[in-house]
**Q** 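Submitted below is the structure of interest, expressed as structure tokens.
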Amino acid sequence: MPGVRVRFAPSPSGSLHVGGARTALFNWLFARGQGGRFILRIEDTDRERSSPEMVEDILGALQWLGLDWDEGPFLQSERLDRYRQVADQLLSANKAYRCSCSTAELAAKRQAASASGKPWKYDGTCCGLSSDRSAERHARGLPGVVRFKGPRDGEVAFEDRIFGRIVHQAKQIEDFVLVRSDGMPTYHLGVVLDDLDMKISHVIRGADHISNTPKQILLYRALEQPVPVFAHLPLILGPDRTRLSKRHGATAVNTYRDQGYLPSPFCNFLALLGWSPKSEVESLSTDELIHQFSLKGVNKSNAVFDLEKLSWFNSRYLRNAPAERLFPLIKVELDSEGLWNDEFDSSGRAWMMKVIDLLKQRVRMVSDFATQGRAFFTDDFAIEDKARRKFLKSEVLTVLMPELAARLESLTAFGLEETESALRTFAAEKEVKAGLLINAARALLTGKAVAPGIFEVMAALGQERTVARLSDTSWMEDEPRAGE
RNA sequence: GGCGCUAUGGUGUAAUUGGUUAACACGCUGCCCUCUCAAGGCAGAGAGUACGGGUUCGAUCCCCGUUAGCGCUACCA
């Protein structure tokens, strides 16, 4: 479908949250799949809440996700003249009027209405004012807003691509504000004009905008312009089925990035919130998402954000990714943990790849490389309590481990076969189970109760470090430290 | 309160737009593998489709009501 133009239009009043990311993703997938254009627009007309820092934050999050835009970012704050021009046009066409009701007055009326259980909607006090009179008041500098003058009867309906036909009665739509008293346009004026000017063909946004759509359609009518296709996305909720908020844990995309989640599995997971592919295969690359995405696959009911499933996607991606691709990410991680060594990228690069392949098998997030894999990157690591309790409690180990170390030291080759047969032979001689020695070695070599296969660990560590760690007897005196 | 929308296992979603033992994935349980933990393999528990009425030979699917949840109800988006 050529001519497809979609947009993502966040408000920079906070960082990009998962709901916004999902909306951006669906727009992007749609654009890419249809050969259309993806436009980025920043809706910063609320001067109180918007900040340039948040714009940067949002752009950064989109880039991280890999959602590149074809046009923009356009800032609404740079299009103020345009909004005013159209507001004036509406004013002179008698399709809008100036209103000088104060916020306090309105609040009082609203209050009174709700106290008596009556529905409230702007009562049109200023609508009746003659244009001369309101122009005069405006000229006198009386603060006020511009309101849209809506129809009193008839219905406003549209065919939502996801929700189907939505109908509202015109009489229940109030004369909403188009221009604030500070001269800034409101959301409704802004979106409609921008979507028009930017020739947006499909408005794909959160379902929280369904109720706003009729107002906007009224505006399109007043401007005598055709309306775009609307497609509203079901919302993302927290585990308790209320709107997702900080209360439920992380909501900012950047937090997930910082915790070690990766863009590809993150998008894969997000795509499945409200959308499902035709096939039963859920694990999809970004390219596959692009090819399979369609608005028809989007459902109407709200979805709960399930961290467990996200983690599964992430660990699965990590496990299957080539070490080369993971390397730069791990480098950043090790660097921030003070574990980076330039040799890892030069003489030790091949070794590094081997270690990554070993570690990636049982990792959920990138940050796990630094925690679970610490002992591979530095000799400065502690034996965690759990490993000590599980694997080092047998008395015989105090004499066996140094002996095992000596045995391994005498090996002339240090491959998987050599170390394994040496250890098993030794265990047989001493009449202990190989597992006892293996697990003790795990604790001593990695400091962890969970690690890759022990002979692979030895091979990765090398003979020298392996022997050194196994013969070091300081662990025998150490008291288990709390909190490890 | 008013208006709108939604409702399939714990979670995300399927189900030739009325005919299935209601499917898949995450999670969960057990077993196998085994040096730990994952991964993998195998087996399993878990929904009769929110509830109540219709329409129909037959409803997850169509209609009505109820309930619940969500959204809008701002000079926020």
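As a basis for the values below, the full set of heavy atoms in this structure was taken, side chains included, without hydrogen atoms, waters or symmetry mates. So that the names make sense, note that chain A is the first sequence line, chain B the second, and so on, each numbered from 1.
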**Q** Considering every strand and a 4.0 Å limit on heavy-atom distances, what is the contact class for A/S11: base, sugar-phosphate, or nothing?
**A** sugar-phosphate
**Q** Considering heavy-atom distances to RNA chain B, does A/G297 or A/D208 have its closest nucleotide positioned more toward the 5' end?
**A** A/G297
**Q** If you take the centroid of each ring, where Trp contributes its six-membered ring, are A/F230 and A/F158 closer together than 6.0 Å?
**A** yes
**Q** What about A/F293 and A/W275, are their ring centers closer than 6.0 Å?
**A** yes
**Q** Using a cut-off of 4.0 Å on non-hydrogen atoms, how would the nucleic acid contact of A/K118 be classed: base, sugar-phosphate, or nothing?
**A** nothing
**Q** I'd like the C1' distance from B/C51 over to B/U67, given in whole Å.
**A** 7 Å
**Q** All N/O contacts under 3.5 Å from nucleotides 42-50 of chain B to the protein, with atom names and distances to one decimal?
**A**
none

**Q** Test: salt bridge (charged side-chain N to carboxylate O under 4.0 Å, His left out). Region: residues 204-218 of chain A. Which pairs qualify, not counting sequence neighbours?
**A** A/D208-A/R243
**Q** How does RNA chain B read in dot-bracket, base by base from 5' to 3', with Watson-Crick or G-U pairs under 3.5 Å and | used when the partner is on another strand?
**A** (((((((..((((.....[...)))).(((((.......))))).....(((((..]....))))))))))))....
**Q** I want to know whether A/Y256 and A/F269 have ring centres closer than 6.0 Å.
**A** no
**Q** Touch check for A/S315, heavy atoms < 4.0 angstrom, all strands: base, sugar-phosphate only, or nothing?
**A** nothing
**Q** Do A/R247 and A/T242 have a side chain donor and acceptor closer than 3.5 Å?
**A** yes
**Q** Applying a 4.0 Å non-hydrogen cut-off, can you work out what A/L310 is touching in the nucleic acid: base, sugar-phosphate, or nothing?
**A** nothing
**Q** Contact class for A/Q172 (heavy atom, under 4.0 Å): base, sugar-phosphate, or nothing?
**A** sugar-phosphate
**Q** Give A/A303 one of three labels, base, sugar-phosphate or nothing, depending on what nucleic acid heavy atoms sit under 4.0 Å from its own.
**A** sugar-phosphate
**Q** Is it true that A/D88 and A/R84 have a side-chain N and a carboxylate O under 4.0 angstrom from each other?
**A** no
**Q** Do A/F305 and A/H248 have ring centroids that are under 6.0 Å from one another?
**A** no
**Q** A/I210 has a side chain; which of B/A14, B/U36, B/G4 sits nearest to it?
**A** B/G4
**Q** Taking the side chain of A/F391 as its heavy atoms from C-beta onward, which of B/U73, B/U36, B/G12 lies nearest to it?
**A** B/U36
**Q** For A/S13, which contact category applies under a 4.0 Å heavy-atom criterion: base, sugar-phosphate, or nothing?
**A** nothing
**Q** Touch check for A/G274, heavy atoms < 4.0 angstrom, all strands: base, sugar-phosphate only, or nothing?
**A** sugar-phosphate
**Q** Would you mind reading off the distance between A/D182 atom CG and B/C75 atom C1', rounded to a whole angstrom?
**A** 7 Å
**Q** How is A/V304 classified with respect to the nucleic acid when contacts are heavy atoms under 4.0 Å: base, sugar-phosphate, or nothing?
**A** sugar-phosphate
**Q** Base, sugar-phosphate, or nothing: which does A/L272 touch, judged by heavy atoms less than 4.0 Å apart?
**A** sugar-phosphate
**Q** For a quick check, tell me whether the side chain of A/R362 and the base of B/C37 share a donor-acceptor pair closer than 3.5 Å.
**A** yes
**Q** Mark yes or no for a side-chain to base donor-acceptor pair under 3.5 Å between A/K309 and B/A25, with no hydrogen or angle criteria applied.
**A** yes
